[in-house]
Amino acid sequence: MGTAIMWFRRDLRLRDHPALRESASRGAVLPLFVIDPSMWGPAGAAKTAWLAATLRALDASLDGRLVIRLGDPAEVVPRVAREVGATSVHVSRENEPGGVERDRRVVAALREIGVEGVATGSPYAVDPGTVRTKGGTPFKVFTPFAAAWREHGWDEPTSAPRGVEWVEADTDGRVEAMLDKAARECPIDLPTAGEDAARRRWVRFRDEALVDYDHDRDLPAVEGTSRMSADLHLGVVHPRQLLHDLREERGDGAQTYRTELAWREFYADVLWANPDSAWQDLRPLPLRYDEPQDAIEAWREGRTGYPIIDAGMRQLLGEGWMHNRVRMATASFLTKDLHVWWPVGARHFLEHLVDGDLGSNNHGWQWVAGTGTDASPYFRVFNPVTQGKRFDPDGAYVRRWVPELAHLEGAAAHEPWKHDDGYAHDYPERIVDHAQERLEALARYDEAT
DNA sequence: AACCGGTTTTA
DNA sequence: AAAACCGGT
């Protein structure tokens with residue numbers, strides 16, 4: 001039995017970990033994480049802090065044996081392999097274009113020194129690239145994808161491997177200070193990180209909120225969602241575990257939850273099949289775009305004068321998370337009311353969301369913008385006032401995030417312009433007229449098609 | 001067996 | 001409007 005390296009990336013857990021089990025079957029295991037300083041710096045502070053906290057939790061669950069090194073993985077991973085005399089390096093397969101390219105470089109560098117690179121499993125219940133149409137092509141429409149995905153099914157989760165012989169090596173001396181700094185500079189309160197905490201959150205959701213999920217998941221004022229996204233993003237939980245937990249559940253809540261997981265898998269598959277669609281239109285649409293810097297800044301900071309939009313944008317900055325209903329409304333506002341190209345918004349979301357997942361985020365944006373999957377409805381323009389009144393009927397979400405409107409009762413918080421004291425606490429006036437910009441957006445779509 | 005055309009579907 | 005399927009060839 002030789003030595004194997006388990007190189008952790010978006011799979012920061014020990015339970016139900018096919019690549020970890022594979023590494024343990026090869027011999028003694030060195031658990032490794034590599035911080036690429038070129039990625040660590042530019043990420044948002046909340047995102048970096050969440051990764052730091054999750055790494056600390058993983059390290060604790062390994063009794064402090066997680067080895068963290070700094071640098072370009074194509075240099076660091078082979079160097080560590082030499083250092084410990086490893087014969088194989090194990091990973092969960094990556095589907096994002098940047099990760100695919102990085103892994104190609106790392107595997108090539110490992111091959112040069114005679115070390116095998118082995119990918120086992122992926123962060124998805126069904127590996128991207130597996131589900132295909134009857135014609136053998138990747139799906140571009142969600143519903144038939146979801147049907148085929150369900151039909152395909154998924155493996156049962158496995159437990160953490162027991163009796164692993166862990167190999168020890170030094171963590172880079174600079175890492176402690178980096179993790180400390182990330183935790184210290186975190187602008188928000190993060191949930192507790194790590195597998196056990198995620199598991200507790202999930203069980204609580206399943207036992208208390210799942211029955212009403214079908215209805216409550218659309219209400220941003222209600223804690224009606226599972227809040228699993230940040231843990232799913234780093235692989236602290238695997239969707240297979242959640243699906244397994246719901247296997248006996250036939251109610252609307254569980255059905256809808258499975259469908260939401262299917263969206264995540266769909267977008268990962270679309271990204272895998274169309275790597276360029278990460279930052280370019282999946283279906284190029286020659287639209288005229290604006291670059292209104294002041295309005296974009298107002299959108300980012302939550303002072304557009306539209307209550308539900310401002311509440312959402314402030315939740316993003318304050319919590320590192322935004323309710324999905326509001327993600328759609330704020331994305332529609334940037335693209336349809338301000339006529340801004342979707343990557344501007346997608347980049348802002350990715351910088352601040354602790355769950356910021358490239359496929360789900362960017363294809364969610366493209367879905368709203370009309371350049372992505374789900375063809376025709378270019379005319380999908382969300383009315384921010386209607387969205388607010390429909391999904392936050394008593395205004396509680398707006399009052400929570402927009403103190404300037406806290407004095408308005410009930411749905412009045414969505415329409416300060418209708419109340420004498422609506423602007424008594426310096427809430428900004430609307431920066432655009434939605435009815436007018438809606439027509440402008442439709443005119444531009446007409447022009448482009 | 002890859003391709004065509006008509007029909008249904010598209011959160 | 002485009003995708004996916006289905007039943008042909």
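Hydrogens, waters and symmetry mates are skipped; everything else that's a heavy atom, side chains included, is used. As the structure is a prediction and not an experimental result, all values here were calculated from the model.
Listed by first and then second residue, the salt bridge (Lys or Arg N to Asp or Glu O under 4.0 Å) pairs involving residues 124-133 of chain A are Arg132(A)-Asp269(A) (not counting sequence neighbours).
Atom CZ in Phe142(A) sits about 12 Å away from atom C1' in dT10(B), given to the nearest Å. At whole-Å resolution of the value, CZ in Phe139(A) and P in dA4(C) are 6 Å apart. Lys134(A) has its NZ atom 16 Å from the P atom of dG8(C), to the nearest Å. Distance Tyr257(A) OH to dA11(B) P: 21 Å, rounded to the nearest Å. Rounded to an integer number of Å, the gap from CH2 of Trp263(A) to C1' of dT10(B) is 10 Å. The CZ-C1' distance, from Phe266(A) to dA3(C), rounds to 11 Å in whole Å. Atom pair His215(A):NE2 and dA11(B):C1' shows a separation of 17 Å (rounding to whole Å applied). Atom CZ of Arg264(A) is separated from atom C1' of dA11(B) by 19 Å (rounded to the nearest Å).
Among the nucleotides dT10(B), dA2(C), dA4(C), the one closest to the side chain of Arg283(A) is dA2(C).
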Exercise for the section: Under 3.5 Å for both distances, Watson-Crick or G-U wobble, that's the pair rule; now give the dot-bracket for DNA chain B, with | marking pairs to another strand and [ ] for crossing ones. Expected result: .|||||||||.
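Qualifying side-chain contact (heavy atoms from CB on, under 4.5 Å) partners for Thr54(A), counting only residues two or more places apart in sequence or in other chains: Leu12(A), Trp50(A), Ala193(A), Leu234(A), Val236(A). With sequence neighbours left out, the ring-ring contact (aromatic ring centres under 6.0 Å, His included) criterion links His348(A) to Trp299(A), His352(A). Scored by the side-chain contact (heavy atoms from CB on, under 4.5 Å) test, Asp245(A) finds Arg199(A), Trp202(A), Arg206(A) as partners (sequence neighbours excluded). Take Thr256(A) and apply the side-chain contact (heavy atoms from CB on, under 4.5 Å) test, not counting sequence neighbours, and it matches Tyr213(A), Asp214(A), Arg217(A), Glu260(A).
Ion pair Arg15(A)/Asp196(A) flagged as a salt bridge, since at least one NZ, NE, NH1 or NH2 atom sits closer than 4.0 Å to an Asp/Glu carboxylate oxygen.
Within the 4.0 Å cut-off from OP1 or OP2 of dA4(C), not a single side-chain nitrogen or oxygen of Thr133(A) is found.
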